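Pasting a structure below so you can have a look.
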Amino acid sequence: MKILHTADWHIGKRLHKTDLAEDFDLFVNWLCEYLNRNPIDVLLISGDVFDFSNPSSESRSQYYRTLIKLKKFDFKIIITGGNHDSPSVLDAPKEILNQLDIHVIGQMPEQFEDSLIPISSENDIKLVIAAIPYLRSRNFQRQFDAENHDNKQEAMKESIAFHFQETAKLAKENFRDVPLMGMGHLFATGASVSESERDIQIGNLAGLEASHFGNKYDYIALGHIHKPQRLTADTPIFYSGSPIPLSFSERKNEKRILVIDTEISFEPESICIPKFRDLILIKGSLEEVKEKLALVKNHHPLKTLIEIEMIEAVSSASITYELEQMIEAFDIENCEIVKHKVTFKNASEVERGVSTAESQVSDFTPKQVFQKKLEGSDETEDTKLELISAFEEILEELNYTEE
């Protein structure tokens, strides 16, 4: 059987007010062209289908349009929830989608057996998928209870490990000698991250080790980290990465899908996704910025987005004004400056933090805003960690009940 592993679609994502819907549509069109030439049996989507827990009507429409396009290829689709997804949003249409052979698990079922999806061919079960979504606080409370933050963090890791290992145990009991693939959405120790992976220090995303998955899986398809990579482990444990760049920190990442042919090996073939737009970061003095900006050209279907970081030795209002005038006059076809930042080396830390970074509240997640508020408080580090953990639980409850 051939299995395609992808994750972190983040439908509805905006990058500095630029809607990435076109980027995602171009990825889907490319994927359909690939599938025309290379048939598969199962598509795995390992979490973060949407960028927001309450996606807009446009984002939901794009999601359903994508599923309709993909179902033309007549394969099974398995979708699990991520930390950005609302379980109730993903699960709402699951009964209808099941009739189309699209299996959605937005939240962990009460019975672990219900996360096991057998894949049949010619009336024989050839493969079992353990579709485990992002695990939330309510999932952990069934197994563990911790009194303080340190214990809670360790208990969460043990609970995640329990979910993966218990599900694998049930799979081997119910489907003896059948290969087993797992799906997960979490942060694993050793993974290389970028600025766009939010909230990776608390709860589910607090650094699972490869050994926590146990030794019964033949392949584990992970989501959450946007850079494609393999974990150091005997079992093939892979992040497929996001199919499009979601932040400027991902501008140099090669985006990929992973394809596993179980008849050959559980080591996946890595397929490069073409680039649909450039993200360019220009750093240097005013003169260096001018020179680099003049060389910018668009080589891709979508508009090139540019961030500028001007660094000068001495604070100067005239230099800042000249940069702003240059940005205002910038007019290279199909290119746009979406953010700029000015840093003067002789400025104080306070000045650099307050006056030179062009940041907006919309650039941050609610948790990041809360963390910045805590930075100025006189609470102990332990208390801050407790407050962040409590804040995360409140956010989860709000996201869970808002639908």
Side-chain angles (χ1 to χ4, degrees), residues 6-32 43 45-71 77-97 100 102-107 133-134 136 185 195-199 223-224 226 241-248 250 255 273 276-277 279 301-303 305 336 338-339 359-370 391-392 394-403:
T6 181
D8 294 282
W9 284 4
H10 286 271
I11 296 172
K13 173 69 176 179
R14 302 179 72 86
L15 181 54
H16 299 316
K17 300 183 180 179
T18 298
D19 193 336
L20 299 185
E22 285 186 273
D23 305 60
F24 183 74
D25 278 340
L26 287 175
F27 157 67
V28 173
N29 292 341
W30 169 84
L31 181 59
C32 290
L43 171 66
I45 307 169
S46 297
D48 280 357
V49 174
F50 295 106
D51 194 53
F52 295 102
S53 60
N54 187 18
S56 66
S57 58
E58 292 82 5
S59 296
R60 298 182 201 219
S61 294
Q62 188 173 34
Y63 170 55
Y64 294 124
R65 286 197 310 272
T66 299
L67 294 182
I68 290 169
K69 285 183 179 180
L70 294 175
K71 274 311 298 175
I77 299 175
I78 303 175
I79 302 169
T80 52
N83 59 302
H84 282 242
D85 297 313
S86 163
S88 56
V89 167
L90 283 187
D91 285 341
K94 69 184 300 178
E95 298 303 325
I96 295 174
L97 293 178
L100 301 173
I102 301 173
H103 301 265
V104 181
I105 299 184
Q107 61 183 321
Y134 169 69
R136 302 174 185 273
H185 191 91
E195 66 183 30
S196 53
E197 286 97 20
R198 306 180 202 162
D199 305 338
H224 180 62
H226 299 165
S242 58
I244 60 174
L246 300 170
S247 76
F248 276 78
E250 298 177 34
K255 297 303 182 180
I273 302 170
F276 306 116
R277 80 159 82 232
L279 303 179
L302 300 180
K303 181 181 292 185
L305 304 183
E336 181 183 358
V338 293
K339 185 176 182 179
S359 297
Q360 299 177 345
V361 172
S362 60
D363 291 334
F364 302 101
T365 66
K367 186 181 292 183
Q368 288 170 332
V369 173
F370 186 71
F391 186 77
E392 184 204 42
I394 292 170
L395 281 181
E396 284 188 4
E397 290 303 317
L398 288 172
N399 289 339
Y400 184 69
T401 58
E402 67 186 359
E403 300 303 322

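Just so we're clear, the structure is a prediction, and the values are computed from it rather than from any experiment. Both backbone and side-chain heavy atoms feed into the values below; hydrogens, waters and symmetry mates do not.
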Nearest 0.5 Å, what's the CG-CH2 distance between Asp48 and Trp9?
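Rounded to the nearest 0.5 Å, the CG-CH2 separation comes out at 12.5 Å.
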Is there a side-chain contact between Leu43 and Ile78 in this structure, where contact means two heavy atoms from C-beta onward sitting under 4.5 Å apart?
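No - every pair of side-chain heavy atoms lies 4.5 Å or more apart.
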Within the side chain of His185, is there an N or O that forms a donor-acceptor pair under 3.5 Å with the backbone of Gly82?
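Not confirmed, His185 side chain does not pair with Gly82 backbone.
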Short side-chain to backbone donor-acceptor contact, Asp85 and Ser53, under 3.5 Å
no
Any side-chain heavy-atom pair from Val338 and Leu15 closer than 4.5 angstrom?
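Answer no - side chains too far apart.
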Using atom types as modelled and distance alone, determine if a side-chain donor or acceptor of Asp8 lies under 3.5 Å from a backbone N or O of His224.
yes
Can you name the nearest heavy-atom pair linking Arg136 to Asn83, along with the distance?
NH2-O, 4.1 Å
So which atom in Gly106 and which in Pro133 form the shortest heavy-atom distance, rounded to 0.1 Å?
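That closest heavy-atom pairing would be O-CB, 3.8 Å.
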What distance separates Phe276 CZ from Asp25 CG, expressed to the nearest 0.5 Å?
10.0 Å
pair Ile45-Thr80: side-chain heavy atoms closer than 4.5 Å:
no
Under a 4.0 Å N-O cut-off, is there an ion pair linking Lys255 with Glu250?
yes
Show, in sequence, the C-alpha distance, side-chain angles and deciding distance for Lys94 and Asp91, and conclude whether the side chain to side chain contact (heavy atoms under 4.5 Å, CB included) test is met.
CA-CA 5 Å; Lys94 69 184 300 178; Asp91 285 341; 4.0 Å; yes
Val89 side chain reached by Arg60 side chain, heavy atoms, under 4.5 Å
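When only atoms from C-beta onward are counted, Val89 and Arg60 do touch, with a gap below 4.5 Å.
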Do Leu305 and His16 come close enough that some side-chain heavy atom pair is under 4.5 Å?
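No - every pair of side-chain heavy atoms lies 4.5 Å or more apart.
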Here the pair of heavy atoms bringing Leu100 nearest to Lys71 is O-CE, 2.9 Å
Looking at Gln62, is its backbone amide N or carbonyl O close enough to the side chain of Thr66 to form a donor-acceptor pair, meaning the two atoms are under 3.5 Å apart?
yes
Taking the side chain as C-beta and beyond, is there a heavy-atom pair between Leu246 and Asp51 under 4.5 Å?
no
First locate atom CZ of Phe24, then atom NZ of Lys13, and finally report the distance between them rounded to the nearest 0.5 Å.
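Going from CZ on Phe24 over to NZ on Lys13, the span is 14.5 Å.
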Donor-acceptor contact below 3.5 Å, side chain Asp19 vs main chain Ala21:
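Yes, the answer is positive, given that a donor and an acceptor are paired below the 3.5 Å cut-off.
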Apply side chain to side chain contact (heavy atoms under 4.5 Å, CB included) to the pair Leu97 and His103, showing each step before the final yes or no.
CA-CA 7 Å; Leu97 293 178; His103 301 265; over 6 Å; no
Min side-chain heavy-atom separation Phe52-Ser86 under 4.5 Å:
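SC-SC contact between Phe52 and Ser86 ruled out.
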What's the spacing between His10 NE2 and His226 NE2 if we round to 0.5 Å?
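If I round to the nearest 0.5 Å, the distance is 3.5 Å.
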Hey, could you give me the CG/CG distance between Leu26 and Leu31, rounded to the nearest 0.5 Å?
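Nearest 0.5 Å value for the CG-CG distance: 12.5 Å.
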Which heavy atom in Gly81 sits nearest to a heavy atom in Leu90, and how many Å separate them?
CA-CD1, 3.5 Å
Heavy-atom distance under 4.5 Å between the side chains of Tyr63 and Ile79, does that happen here?
yes
Minimum-distance pair of heavy atoms, taken over all atoms of Pro55 and Ser59
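Taking every non-hydrogen atom into account, CB-CB, 3.9 Å.
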Spacing of Leu67 atom CG and Lys69 atom NZ [to the nearest 0.5 Å]:
11.5 Å
Search all heavy atoms of Ala7 against all heavy atoms of Gly223 and return the closest pair with its distance.
CB-CA, 3.8 Å
